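Every chain is numbered from 1, with letters handed out A, B, ... down the list of sequences. What you are looking at is a predicted structure, and each value in this text was computed from that prediction instead of being measured. Reckoned from all heavy atoms, side chains included, excluding hydrogens, waters and symmetry mates.
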Protein chains: 2
Amino acid sequence: MTDRQNLGLLCFYPSRAMEARLMQELVAAGFDDITTAQGRIAARIGPHGTRLTDLAAQALVTKQTANHLVDQLQRAGYVHRVPDPTDGRARLVQMAERGRAAVALARRVEAEVEAEWTAHLGEEATAQLRAALERLREVTDPYR
Amino acid sequence: MTDRQNLGLLCFYPSRAMEARLMQELVAAGFDDITTAQGRIAARIGPHGTRLTDLAAQALVTKQTANHLVDQLQRAGYVHRVPDPTDGRARLVQMAERGRAAVALARRVEAEVEAEWTAHLGEEATAQLRAALERLREVTDPYR
DNA sequence: ACTAGTAAGTCAGAGAGACTGACCATCGTC
DNA sequence: GACGATGGTCAGTCTCTCTGACTTACTAGT
């Protein structure tokens, strides 16, 4: 019996497990030139494209870091940048074909992992868990 | 309204928030020569000391990485190493005085943050959340 | 219409974190 | 006592992330 662990740490295990599983399956499917850091940025690109600054803010990294990661994603063909029609300074980071394919796979894997977790916890407990985490996000995610 | 987020990502927000808060308060209290990576290792040192290999396994990093971080912690006076009386190859990483002081503060901050979360979610929902996360750990933490 | 301040993004450089691979010392077992 | 396994270290590399300084473009106030 280990001692009582704090809620933040308890949240860390599933979060790490999901990320590891995503990476593992992406690599297995041939998306082997991507890293977790790149994935964290890519996961936040909206359907019509997202500004670099917004990506950085949501991922809680500096613009420079986000820019660096987007450069790599672009070189690997996952995303491309287009000028923002509403703001001459800005550019929108959009998913390219390869990026959309990777995201589609990632969505499938996420659903798969959630199904496994649901099988372990039960439908009702999982629904409660999701509800609690969504409410907790209100006080733990500064960008939402 | 944002779309439904996966459970792994939902777990990420509280985990990141807890870690950020811990670092912030530790720095404010004068423990300003520590990093999150060092903290993640230090948090796993048991009451009688823990082997480097075990620390590495629990934190899911290589022995080299763990060794590097323990070196830094030792230089800063948070931990020290003693020979393992039961195994001539091994050494135990133990908390030093400064390390114990930091851990004591960290425990207080953790309790504080959990109290805030409980205030937001309610007693019952928080208890259910903890129970669900502890069960989820059974399938998401390889070292337990 | 001009100017001052703010916001978007880029360039350069540095430090920390994490890995792979090779290695030595010690333990445990046959 | 020899040999495979385990605990730990050394060396080198790559990625992530930051700070600081800068350019360009938008916006609000006069």
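- Between T62(A) and dC18(D) there is a side-chain N or O to OP1 or OP2 distance below 4.0 Å.
- Under the 4.0 Å criterion applied to side-chain N and carboxylate O atoms, D84(A) and R89(A) are not assigned as salt-bridge partners.
- Here the nucleotide nearest the side chain of A90(A), chosen from dA18(C), dA8(C), dG7(D), is dA8(C).
- Separating the CD1 atom of I41(B) from the C1' atom of dA16(C) is a distance of 14 Å, rounded to the nearest angstrom.
- Here dC16(D) presents its P atom at 10 Å from CD1 of I34(A), a figure rounded to the nearest Å.
- A straight line from NE2 of H68(A) to P of dG9(C) spans 17 Å, rounded to a whole angstrom.
- Here the side chain of K63(A) is nearest to one of dG9(C), dT17(D), dT9(D), namely dG9(C).
- We find that CZ of R51(B) is positioned 14 Å from P of dT26(C), with the value rounded to whole Å.
- Expressed to the nearest 0.5 Å, how far CZ of R44(A) lies from CG of L9(B) amounts to 6.0 Å.
- Note that CZ of R137(A) and NE2 of H120(B) are 12.0 Å apart. Values are rounded to the nearest 0.5 Å.
- Between dT9(D) and R91(B), a contact under 4.0 Å exists linking OP1 or OP2 to a side-chain N or O.
- For the pair D54(B) and K63(B), the salt-bridge criterion is not met [side-chain N within less than 4.0 Å of a carboxylate O].
- Applying the 4.0 Å criterion to OP1 and OP2 of dT10(C), one finds that R81(A) has a side-chain N or O inside that range.
- Between the CZ atom of R40(A) and the C1' atom of dT15(D) there is a distance of 12 Å, given to the nearest Å.
- Toward the 5' end of DNA chain D, the nearer of the two residues D87(A) and L69(A), judged by each one's closest nucleotide, is L69(A).
- N67(B) has no side-chain polar atom (N or O) that falls below the 4.0 Å cut-off from OP1 or OP2 of dG8(D).
- Between Q64(A) and T36(A), the residue anchored nearer the 5' end of DNA chain D, judged by the nucleotide with its closest heavy atom, is T36(A).
- Atom CG of D84(B) is separated from atom C1' of dT26(C) by 12 Å (rounded to the nearest Å).
- Contact between the side-chain N/O atoms of Q72(B) and the OP1/OP2 oxygens of dG17(C) is found at a separation under 4.0 Å.
- Between T65(B) and dG17(C) there is no side-chain N or O to OP1 or OP2 distance below 4.0 Å.
- For the pair R75(A) CZ and dC14(D) C1', the interatomic distance rounds to 13 Å; values are reported in whole Å.
- Going from atom CD of E114(B) over to atom CG of L10(A) covers 8.0 Å, rounded to the nearest 0.5 Å.
- Look at R89(A) and you won't find any side-chain N or O under 4.0 angstrom from OP1 or OP2 of dT10(C).
- What separates CG of L92(B) from P of dT6(D) is a distance of 18 Å, to the nearest Å.
- Put simply, T35(A) has no side-chain N or O that comes within less than 4.0 Å of OP1 or OP2 on dT15(D).
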